[in-house]
Amino acid sequence: MSRRAQHLPSRPTWRCAACGIAWPCSPAKLRLLGEYRHDRAALLVYLATLQAEAAGQLAALDRHAQPVDLSERFTGWARAR
């Protein structure tokens with residue numbers, strides 16, 4: 001098993017555990033596209049589920065912040081072109 005950090009979301013901040021940028025980062029996107037290469041619809045359902053979870057957790061972190069539209073971050077990139 002590799003000791004390198006995997007590009008997974010760190011909850012509740014939704015930053016990548018490996019590189020620290022907003023998740024899904026580029027390596028995470030590539031991994032997800034590979035895993036779901038034969039079922040784009042399932043990928044979109046999975047990402048939409050994570051988006052809903054992230055929205056709740058991010059809102060709880062800062063109740064005074066404006067709600068952020070997470071759709072492009074979570075699902076926009078995964079739609080078929």
Side-chain angles (χ1 to χ4, degrees):
M1 176 176 237
S2 173
R3 290 190 174 263
R4 293 184 321 176
Q6 294 184 20
H7 293 273
L8 299 172
S10 178
R11 292 165 173 91
T13 62
W14 288 87
R15 297 291 211 184
C16 176
C19 61
I21 65 172
W23 192 91
C25 59
S26 293
K29 290 175 183 178
L30 288 173
R31 181 183 54 81
L32 289 165
L33 285 172
E35 287 178 18
Y36 287 90
R37 70 182 160 270
H38 298 298
D39 195 350
R40 186 64 60 104
L43 172 60
L44 289 168
V45 169
Y46 174 66
L47 291 170
T49 302
L50 293 179
Q51 178 183 333
E53 181 182 346
Q57 290 178 356
L58 291 170
L61 284 178
D62 189 356
R63 296 186 188 274
H64 302 293
Q66 290 285 346
V68 178
D69 182 13
L70 298 173
S71 59
E72 186 60 34
R73 175 176 165 184
F74 278 85
T75 58
W77 63 271
R79 292 187 188 105
R81 304 270 186 251

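If you're wondering where the values come from, they're calculated on a predicted model, not measured in any experiment.
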Subject >> Validation row: S71, R73 side chains within 4.5 angstrom (heavy atoms) >> reply: no

Original post:
Just how far is it from atom CD of E72 to atom CZ of R79, taken to the nearest 0.5 Å?
Top reply: 7.0 Å

**OP:** Might you point out which heavy atoms bring L32 and L43 nearest each other, and give the distance in Å?
**Re:** CB-CD1, 4.0 Å

Subject >> Derivation of the side chain to side chain contact (heavy atoms under 4.5 Å, CB included) call for T13 and Q57 >> reply: CA-CA 7 Å; T13 62; Q57 290 178 356; over 6 Å; no

**OP:** For the residue pair F74 and W14, categorise the inter-ring angle as parallel (less than 30°), tilted (30 to 60°) or perpendicular (more than 60°).
**Re:** perpendicular

Original post:
Is there any side chain to side chain donor-acceptor pair (under 3.5 Å) pair reaching into residues 22-35, and which pairs are they, with sequence neighbours excluded?
Top reply: R31-E35

**OP:** Indicate yes or no: at least one non-hydrogen side-chain atom of L70 is less than 4.5 angstrom from one of T75.
**Re:** no

**OP:** Could you tell me which non-hydrogen atom of A78 sits nearest to which non-hydrogen atom of L47, and how far apart they are?
**Re:** CB-CD1, 3.7 Å

Original post:
Can you list every pair that meets salt bridge (charged side-chain N to carboxylate O under 4.0 Å, His left out) and has a residue in residues 15-25, with sequence neighbours left out?
Top reply: none

Original post:
Does some side-chain heavy atom of L50 sit less than 4.5 Å from a side-chain heavy atom of R11?
Top reply: yes

